[in-house]
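For reference, the structure is listed below as C-alpha cells.
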Amino acid sequence: MTNWQNRTLFHGDNLGFLRAMNSESVDLIATDPPFNKGRDFHATPDSLAAGAKFQDRWSWERDVHPDWVDQITDDHPKLMEAIEGARYAHSDGMGAFMCFMAVRLLEMRRVLKPTGSIYLHCDPTASHYLKAVMDAIFGWQNFQNEIVWCYAKWTNISNQFQKNHDTLLFYTVGKKHTFNQQFILTSDKAAKLKIGYQVNKPGGVKQLIVYDRKKAKRVIEEGDYEKLIYKTEDNEGTALNSVWNDINILNSQARERVGYPTQKPLALYERIIKASSNEGDIVLDPFCGCATTLVAAERLKRQWVGMDIWDNAKTVVMERLAREGLNGEGKAKTGLFDEYVYFITQPPERTDDGETASSFLPVKEQRRRPLEPWQQLSRAEIFKELSEAQSLDQSLGDSKVLCAGCGRALEPPFMELDHITPRADRGANDISNRILLCRPCNGRKSARLTMKGLIQENKRAGWMMDESLAYKARDLATKRYEDVRHNRPWPPSTFELEFGD
C-alpha cells in the first residue's frame, strides 16, 4: 500500500523520502544518479533547466555520515566489504560515492515489491563498483543484465578508443518479476518484412496500403495524402539483447531537450518502463532531474513518484509535462498541474509496519518502543566503553584489550566490535549485545556463531589462548553495559516523557 499520491514530486534529499515510503509499494525503479565523474555539471543558459547544477565529486570526510557507516557495518557486513573494496582499489572518493549510494539502494530494495525491478544508470567510471554493491544488496542471483547503451557522438583523436556507451544495471527482487520482451527491427530483418504505408486522400478516402517506400514517398510529394503510417506488429523483429545501439544521445537541437546537463532520451526510459512494468504500475525515480522517467511513465499510463533536491525541479517537471500535453486524461489543460502533480517537501508518514531496510539476508527488525538514551550510543562510543571495560588490568592502566573469544590481550586497533547474538537472529544493535573480539575471532564468528559457539570453534581450531580470560572479558563487557544503562545520569527518554514509567 502506498502512502503518497500518484504524480508526486518530493523535493529534498531523497534518503529521507525513501526511508518514509512504505515497504513493497513500487513496481519499478528507473534512475540516473550521479556517476562520480569528478566534475561539476551545469544546465544550458537560457534553457528550461537554467540554473540546474550538481557537483559530482565525493569525499569520505565530507560526504559520508557516521550513521551510514554504523548501519552498514553492523547490519550488512558484505556490503561494507564492497564499499571498502572501492576505497582501496580506487580512492576514498569512490568509497564515499559507494556509501552514499548504498544507504539509498538499501531503501530502494525495501520499497520494491517482490515482483519489482530496478535499472541503475551509470557509466564505466563506477559501474563495476556499483555492481558489487548491488550484488550485496539485491543478491548476485537477482542480477539480470548489464545493458550496454551505445550511442554515436562527435569523435576526437586520442590515444584510446572512444567512450561511446553507458551502462544500465538491471536487478530484480526475486525470480518472479515483471518482464515484457521487447523487439527491434534490425536492418536485415526489416528488409525481409513488408513495410506498409497507409496513404489517405483528402476527404477521408482511404487508399490501399503501399508496400514500396519510393512509391509512398512519391504519393506524399504529390500532396495526395493526409498522413503516413508505418505498419508493423509489436512482436515483429528480433528479440532485444543487452546491447542497445538504436537510441542515440540527445543533440543540442532535439525537441525534448530542456538544457539539463545529463538529460537522457525519452526513448531509452520508455523502453525500460515497457519492459519491466505494466499499465497502472508504480514507477519511482529517486534522482528524477529533468523528469525524463516521469514523462515516460505518464506517456505509458503508469503511476509515478519522483524525487530531486534541485530548487527548480517543480517548475521544470510541470513545464515539461505541460509541453508534452500530459495530464490525468492525457490532454493538455490550462492550470492542470496544480491539480495533478503533488509537490511535497516533507516525508510522508509510514502506514506499514515500519520495518527498517534490510538486504536479501533474513535480517528483520520488529517494531520497538522509542530508544532509551543508552541505546542511542554510536558505534564509536560503544567501542570506547568496551575498550575501557575489557582492558587487561584496569588498576594499572594497561591499554591492551582482552578478546572475549580467545582471551588474547591486544592493542585497541586490533580489536573489532561484534554482536553477541547475531543480527540475523534478531540480536539487538545496542551496547547490551556488543562485545570486542580480535580480528581473527570476529572473522571466525561472522554472523553464524554465538559466543559459546565461537569459543568451542576456537578450541577445536587451536586458537584459544586463555578461556578464563575470554569469559572474564565477556563479564567485564556485561558489567559495563549494566553501568551504562542503570548508573549513568541519562536525560529522560521520549517514552518516559510521554507515558511515564
Side-chain angles (χ1 to χ4, degrees), residues 6-11 14 17 26-35 37 41-44 47-54 56 104 108 117-123 147-151 153 165-170 182 244 246-277 279 281-327 330 337 340-341 343:
N6 178 29
R7 302 186 186 91
T8 288
L9 177 64
F10 289 113
H11 177 247
N14 56 19
F17 297 121
V26 171
D27 296 284
L28 171 64
I29 296 174
T31 192
D32 180 22
F35 287 1
K37 300 291 285 184
F41 291 86
H42 300 268
T44 305
S47 68
L48 178 59
K53 62 181 180 179
F54 65 90
D56 198 10
R104 287 158 175 80
M108 291 184 215
S117 304
I118 180 172
Y119 289 75
L120 185 71
H121 197 137
C122 50
D123 75 0
I147 298 165
V148 178
W149 172 41
C150 302
Y151 43 77
K153 66 179 183 180
H165 81 274
D166 283 1
T167 299
L168 295 161
L169 297 176
F170 169 26
Q182 301 297 296
W244 299 357
D246 61 321
I247 299 174
N248 208 0
I249 56 174
L250 295 176
N251 63 55
S252 59
Q253 303 303 314
R255 175 186 173 276
E256 66 186 82
R257 179 167 283 285
V258 298
Y260 197 79
T262 58
Q263 184 177 348
K264 302 302 187 296
L266 271 169
L268 183 66
Y269 280 80
E270 285 184 342
R271 174 172 290 174
I272 293 169
I273 292 170
K274 286 179 181 178
S276 291
S277 69
E279 287 190 9
D281 282 353
I282 298 172
V283 178
L284 163 66
D285 186 350
F287 298 90
C288 69
C290 62
T292 297
T293 302
L294 312 186
V295 171
E298 185 74 31
R299 289 172 61 162
L300 296 171
K301 300 180 180 180
R302 272 68 165 173
Q303 301 181 68
W304 56 260
V305 55
M307 302 171 183
D308 206 90
I309 200 169
W310 174 39
D311 288 339
N312 205 34
K314 178 182 180 181
T315 300
V316 170
V317 169
M318 291 184 173
E319 290 189 15
R320 190 173 184 196
L321 286 169
R323 191 169 69 179
E324 295 289 336
L326 298 170
N327 66 18
F337 295 105
Y340 282 100
V341 173
F343 187 72

Can you give me the closest heavy-atom contact between [X] and [Y], atom names plus distance?
{"X": "A297", "Y": "I273", "value": "N-CD1, 3.6 Å"}
{"X": "L300", "Y": "E270", "value": "CD1-O, 3.6 Å"}
{"X": "H11", "Y": "I309", "value": "NE2-O, 3.4 Å"}
{"X": "L120", "Y": "P33", "value": "CD1-CG, 3.6 Å"}
{"X": "C288", "Y": "L9", "value": "SG-CD1, 3.6 Å"}
{"X": "Y119", "Y": "L28", "value": "CD1-CD1, 3.7 Å"}

Nearest-0.5 Å distance that lies between atom [atom1] in [X] and atom [atom2] in [Y]:
{"X": "T293", "Y": "L284", "atom1": "OG1", "atom2": "CG", "answer": "9.0 Å"}
{"X": "I29", "Y": "F287", "atom1": "CD1", "atom2": "CZ", "answer": "10.5 Å"}
{"X": "D32", "Y": "T292", "atom1": "CG", "atom2": "OG1", "answer": "8.0 Å"}
{"X": "S277", "Y": "K301", "atom1": "OG", "atom2": "NZ", "answer": "13.5 Å"}
{"X": "M108", "Y": "T31", "atom1": "CE", "atom2": "OG1", "answer": "6.0 Å"}
{"X": "K274", "Y": "E279", "atom1": "NZ", "atom2": "CD", "answer": "11.0 Å"}

Report task. Could you check if a side-chain atom of W244 sits within less than 4.5 angstrom of a side-chain atom of L168, using non-hydrogen atoms only? Result -> yes
Requested in this report: Over 60° means perpendicular and under 30° means parallel, so classify the ring planes of H121 and W149, tilted if in between.
Outcome: perpendicular
Report task. Show your reasoning for whether side chain to side chain contact (heavy atoms under 4.5 Å, CB included) applies to R302 and D27. Result -> CA-CA 10 Å; R302 272 68 165 173; D27 296 284; over 6 Å; no
Would you check if the side chain of [X] reaches a backbone N or O of [Y] as a donor-acceptor pair within less than 3.5 Å?
{"X": "D123", "Y": "H165", "answer": "no"}
{"X": "N248", "Y": "Y151", "answer": "no"}
{"X": "W304", "Y": "A296", "answer": "no"}
{"X": "R104", "Y": "N14", "answer": "no"}

